[in-house]
Amino acid sequence: MTERHDARPLPVAQPESDFYWEKARQHELWLRMCVDCDRTYFYPRDICPRCFSRNTTWVRSDGRGVVHTFVIVHRAPTPAFRGAVPYVAAIVELAGGARIPTNLVNVEPRPDKLTVGMSVVVTFADITDQVSLPVFEPEPMAGESR
Amino acid sequence: MKADTWDLSRSVALVGVAESDEIGYVPHKSALQHHAEAAHNALADAGLSKSDVDGIFTARFSTLTTAEYMGIHPRFTDNTWIGGGSFESHVAHAVAAINAGYCEVALITHGQTSRSSRVPVANSVLDAVDLNQPHPQYEMPYGIVGAPACYALACTRYMHEYGETRTREALAEIAVATRRWAGLNSRALMREPMTFDEYHNSRWIAWPFHLLDCCLATDAGGAVILTTAERARGLRKTPVWVIGAAEAHDHGMISQMPDLTSTMARVTGPRALAMAGIGHADIDLTMIYDAFTSTVLVTLEDLGFCAKGEGPDFLRGQRAAPGGDFPMNTNGGGLSYTHTGMYGIFLLIEAVRQLRGECGERQVADCKIALVSGIGGILSSASTLVLAAD
């Protein structure tokens, strides 16, 4: 019973999110957009959670956003994360307003290295052959090499 | 809106409250034992017997299992689960059910063994997760799971908007004041005084949360009994009246919370107070669900005790501690008294005891009106009650 929970939990794609996860596997971030509201939203739902329109589509995100909030997790919440602490979990607000839960990577997990409002850009963590998670890293300053 | 003008008119009363026999670290009892012991004790408190109960309410645990265990065959059943504040909603639902004639004696029970469960709690929580749901799909893979990490996401945003230092001072005020109340409650788990330094130096669980920002994880049960005004008059204890009630929720998982600095208590507070026909100045005791110190700060503001972002000023100088002019969480709270996972029933137990004048050295003087506000899920739901002494 314990062993089952030692592995990192993987997303189980649903019929309305197969496309999202397939695109993530290809290292692309796609969002649902309501044509009537002219707004993107997260997480993928066929019917707009704001106006309940069925007139929705998929759009590719440029992956740029700002940190809306973050936490530095020191005590593993489940056995699966014992090897990962300390790690940074965050909610990133993408251009257009959609907010996505994620991890911040390639940044030290210290409060003095992280700020709400910092600019970040998507990258992808290949967890298995089939699953890549969109995660975010600090956006390089102009002229900075990556 | 009709609900805002619903006149409860002291139509339904809280007539019995109790914890289970032993609370805290209780490795020799199961969760269902805690349910049944609490129910048994609450019935004795009310002067009722099990055969009087015809409505049953619990959260997370199935009412099927709970009623079966106690040998109760209810004619009204309510399994509403909106997190740890479900029991505040159960009170509102019981008032409605009793007024509608669906039942006459409502029993709300809770029992949980977060400390000593023989199946590790993390495993049973994970086993219960339906992997088809949004939370396991979009948040859990990132380690956004468990209450500390999720609530901390909201707290960081509050600090950003209203100032980290101010926020930190308020969280410390809450932790220390709550511990002082626990020192006056013989059933509280953590009764040793806490200094401000101890708060600030406690280890990180999920920055910005120190260990001492987080509630306990204990084993305990609680039960509450309600009945009609007519029936309440002939019972053992003086009735405590439900004079205001409101519930609301606006998300399930933290990344969907519309405003991370504001809970739906901004809706339930004003609605419950309007229903009761009272203002903030009329409240003698405030019981707020304290899963984390920050939960209290945000909820106080949302309930309208002060403006958004002014909670740190409102709480300064230990005014919520014993001897202060704003008695709050007088049982020692989920932070220092007990927190089983779904703590809301214990808010009700303390409020009723205070309104009856049964609290000994922690008794709030002349306690006539109590506001009880539950929070559930990941700051997802708010359920607010106004209770009045007879």
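When side chains are defined from C-beta on, Phe209(B) does not count as touching Val71(A), because their heavy atoms never get closer than 4.5 Å. In this structure the side chain of Thr69(A) never reaches within 4.5 angstrom of the side chain of His160(B), judged on heavy atoms.
Using a 4.5 Å cut-off between heavy atoms, Met253(B) contacts chain A through its side chain alone, with no backbone atom that close. Heavy atoms of Pro86(A) lying under 4.5 Å from chain B are absent altogether. With a 4.5 angstrom heavy-atom cutoff, Pro49(A) does not touch chain B via any of its atoms. No part of Arg110(A) comes within reach of chain B, as not one of its non-hydrogen atoms sits under 4.5 angstrom from that chain. Only the side chain of Gln256(B) comes within contact range of chain A, judged by heavy atoms closer than 4.5 Å.
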| field | Derivation of the side-chain contact (heavy atoms from CB on, under 4.5 Å) call for Val12(A) and Gln137(B) | value | CA-CA 6 Å; Val12(A) 177; Gln137(B) 188 179 179; 6.0 Å; no
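Under a cut-off of 6.0 angstrom, the local environment of CG in Asp129(A) is sparse, with at most 12 non-hydrogen atoms contributed by other residues, nucleotides or ligands. Heavy atoms of other residues, nucleotides or ligands lying less than 6.0 angstrom from CE of Met190(B) number 12 at most. Residue Arg118(B) places its CZ atom among 12 or fewer non-hydrogen atoms of other residues, nucleotides or ligands, all under 6.0 Å distant. At most 12 heavy atoms of other shown residues, nucleotides or ligands fall within 6.0 angstrom of atom CD in Glu192(B).
Closest approach of Tyr43(A) and Pro134(B) over heavy atoms only: OH-CG, 3.5 Å. Scanning all heavy atoms of the two residues, the minimum distance from Arg157(B) to Val116(A) falls at NH1-CG1, 3.3 Å. Considering all non-hydrogen atoms of both residues, Ser255(B) and Ile91(A) come closest at CA-CD1, 3.6 Å. The two residues Leu260(B) and His68(A) have their closest heavy-atom pair at CD1-CD2, 3.4 Å. Nearest heavy atom pair, residue Phe70(A) against residue Thr156(B), reads O-OG1, 2.7 Å. Here the closest heavy-atom approach between residue Ala90(A) and residue Leu153(B) is recorded as CA-CD2, 4.1 Å.
The OG1 atom of Thr78(A) sits 6.5 Å away from atom CE of Met140(B), with the distance rounded to the nearest 0.5 Å. Once rounded to the nearest 0.5 Å, the distance linking CG of Leu114(A) with CH2 of Trp207(B) reads 8.0 Å.
A donor and an acceptor atom, one from each side chain of Arg203(B) and His74(A), are nowhere located under 3.5 Å apart.
Ring geometry for Phe42(A) versus Tyr138(B): interplanar angle over 60°, hence perpendicular rather than tilted (30 to 60°).
The residue among Leu133(A), Asn103(A), Val73(A) with the most heavy atom pairs within less than 4.5 Å of chain B is Asn103(A). By number of non-hydrogen pairs under 4.5 angstrom with chain B, the leading residue of Ala76(A), Pro111(A), Ala89(A), Ala13(A) is Pro111(A). Among the candidates Pro77(A), Pro101(A), Pro9(A), the residue making the largest number of heavy-atom pairs closer than 4.5 Å to chain B is Pro101(A).
Judged purely by atom type and a 3.5 angstrom limit, Arg8(A) uses its side chain to pair as donor or acceptor with the backbone of Pro141(B). Side chain of Arg75(A) to backbone of Trp204(B): no donor-acceptor contact under 3.5 angstrom is found.
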